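The structure under discussion appears below in the form of structure tokens.
These figures come from a predicted structure and were not determined experimentally.
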Amino acid sequence: MEYNPPDTRKRIAARRRRLSQQSTAAVVPGWRWRLYDGLRSGRIVSGILFVMSCILLFYVLFSDRFRVQTVEVVGAELLSPERIVAAVPLRGLPIWLIDEQQTIAPLLRSPFVERAELTLSLPDRARIVIVERQPAMYWRSNGIDYLVDRQGYVIEAATTPPPADALVIVDTSNLPVEPNMRLDSDAIMLARELAWILPHDIGLEPAQIGWDFGLGVFVRTAQDQMIVFGRSEHLKRKLTILAYLLTDGTAFTYLDLRPVNPFYQNRTDGRP
């Protein structure tokens, strides 16, 4: 009979593996230990906070408490507040989802509105501040008088004749005019200056202030004189020459102040 000596090292290693597997399979953490470990690591608290944050966010975004209920309009005179509110439908919208600039864009396209601003207040209020265009003069084209503000923006066609002391600029080119169009700002500024300077500083009362596409701004007097100023550059020089000719008693029916050397002529038929 043969004798096989035992391999002690292999037997010890195998026994250790069996014991390790048995101990691993037997050690299963209990719920108390898992709870303690979750609290200690902060995972449970983080999960609770996350769920509560989601619930709170859902409430804030979609609750009726944070939907616009009150819309206040400030500064509207030509436009009625009801018309502004209708143009900017805010009521019922979640206050968090409103884009202020995009919301007021329809108001800025109105010829009556110069500036508009929207502010939102928690939980459910909106405030619209309007700066309206104020009529400063009339622009007459094709026999129609249009209200124009200081910047030259056309507001609308006038429904009543201009007052006697109103500034009326007569467009002899008869170009088409429509609301919200911006007219020649230099012509508007020059016409306003002449309406004040000529009677107060020069002693000349204009019978008409007009504008022509080719000539620019011109003035007609009660004596049927036509004085062409063109644009506003070198206005001081032009006024000095005009004052000199009037003081000197120079007779003219047509005076062009645009060139460096002004041109004038005197025709008995009144034509230039």
May I ask you to decide if [Y]'s main-chain N or O and [X]'s side chain share a donor-acceptor pair within less than 3.5 Å?
{"X": "Ser173", "Y": "Leu175", "value": "no"}
{"X": "Gln208", "Y": "Val219", "value": "no"}
{"X": "Arg140", "Y": "Val170", "value": "no"}
{"X": "Lys238", "Y": "Leu257", "value": "no"}
{"X": "Asp212", "Y": "Gly214", "value": "yes"}
{"X": "Asp149", "Y": "Tyr153", "value": "yes"}

Are [X] and [Y] in one and the same hydrophobic cluster, where Ile, Leu, Val, Met, Phe, Trp and Tyr link if side-chain heavy atoms are under 4.5 Å apart?
{"X": "Ile95", "Y": "Val129", "value": "no"}
{"X": "Val131", "Y": "Val154", "value": "no"}
{"X": "Val177", "Y": "Leu167", "value": "yes"}
{"X": "Ile241", "Y": "Leu204", "value": "yes"}
{"X": "Leu120", "Y": "Val71", "value": "yes"}

Straight-line distance of [X] [atom1] to [Y] [atom2], nearest 0.5 Å:
{"X": "Ile197", "Y": "Leu190", "atom1": "CD1", "atom2": "CG", "result": "8.5 Å"}
{"X": "Ile227", "Y": "Phe218", "atom1": "CD1", "atom2": "CZ", "result": "11.5 Å"}
{"X": "Arg125", "Y": "Gln69", "atom1": "CZ", "atom2": "CD", "result": "11.0 Å"}
{"X": "Ile128", "Y": "Leu118", "atom1": "CD1", "atom2": "CG", "result": "6.0 Å"}
{"X": "Leu239", "Y": "Asp201", "atom1": "CG", "atom2": "CG", "result": "8.0 Å"}
{"X": "Leu78", "Y": "Gln134", "atom1": "CG", "atom2": "CD", "result": "6.0 Å"}

Identify the heavy atoms of [X] and [Y] that sit nearest to each other, and give their distance.
{"X": "Pro123", "Y": "Arg65", "result": "CG-NH1, 2.7 Å"}
{"X": "Ala86", "Y": "Pro89", "result": "O-CD, 4.0 Å"}
{"X": "Ser141", "Y": "Tyr146", "result": "O-CE1, 4.1 Å"}
{"X": "Ala158", "Y": "Tyr138", "result": "CB-CE2, 3.7 Å"}
{"X": "Ile130", "Y": "Ala76", "result": "CB-N, 4.5 Å"}

Measure the acute angle between the ring planes of Trp211 and Phe213, then classify it against the limits of 30° and 60° as parallel, tilted or perpendicular.
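Ring orientation of Trp211 relative to Phe213: perpendicular.
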
Relative to the ring of Trp96, is the ring of Phe66 parallel (under 30°), tilted (30 to 60°) or perpendicular (over 60°)?
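Geometry flag for Trp96 against Phe66: tilted rings.
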
Kindly state each residue pair satisfying side chain to side chain donor-acceptor pair (under 3.5 Å) with at least one member in residues 179-193, sequence neighbours excluded.
Asp184-Arg231, Asp186-Ser232

Sequence neighbours left out, what pairs pass side chain to side chain donor-acceptor pair (under 3.5 Å) with at least one residue falling in residues 110-124?
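The answer is none; no pair qualifies.
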
Worked check of side chain to side chain contact (heavy atoms under 4.5 Å, CB included) between Met226 and Leu255
CA-CA 6 Å; Met226 182 172 180; Leu255 171 62; over 6 Å; no

How about [X] and [Y]: do any of their side-chain heavy atoms sit closer than 4.5 Å?
{"X": "Leu90", "Y": "Val85", "answer": "no"}
{"X": "Met137", "Y": "Ile169", "answer": "yes"}
{"X": "Val148", "Y": "Ile155", "answer": "no"}
{"X": "Phe229", "Y": "Leu194", "answer": "yes"}

In terms of heavy-atom contacts, does CZ of Arg83 have more than 12 from other residues, nucleotides or ligands at under 6.0 Å?
no

For residues 97-107, tabulate all N or O donor-acceptor pairs below 3.5 Å that involve a side-chain atom, not counting sequence neighbours.
unit_1 : atom_1 : unit_2 : atom_2 : d
Asp99  : OD1    : Gln101 : N      : 3.1
Asp99  : OD1    : Gln102 : N      : 3.2
Thr103 : OG1    : Asp99  : O      : 2.6

Checking Arg150 now: which residues fulfil salt bridge (charged side-chain N to carboxylate O under 4.0 Å, His left out) with it, not counting sequence neighbours?
none

Residues that Glu156 engages under side chain to side chain contact (heavy atoms under 4.5 Å, CB included), provided they are two or more places apart:
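With neighbours one apart ignored, the set is Phe112, Leu147.
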
Excluding sequence neighbours, so at least two apart, what forms side chain to side chain contact (heavy atoms under 4.5 Å, CB included) with Pro199?
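Pro199: side chain to side chain contact (heavy atoms under 4.5 Å, CB included) contacts with Glu205, Pro206.
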
Any chance you could lay out the side chain to side chain contact (heavy atoms under 4.5 Å, CB included) test for Leu198 and Leu242, step after step, and finish with the verdict?
CA-CA 10 Å; Leu198 290 180; Leu242 175 60; 3.9 Å; yes

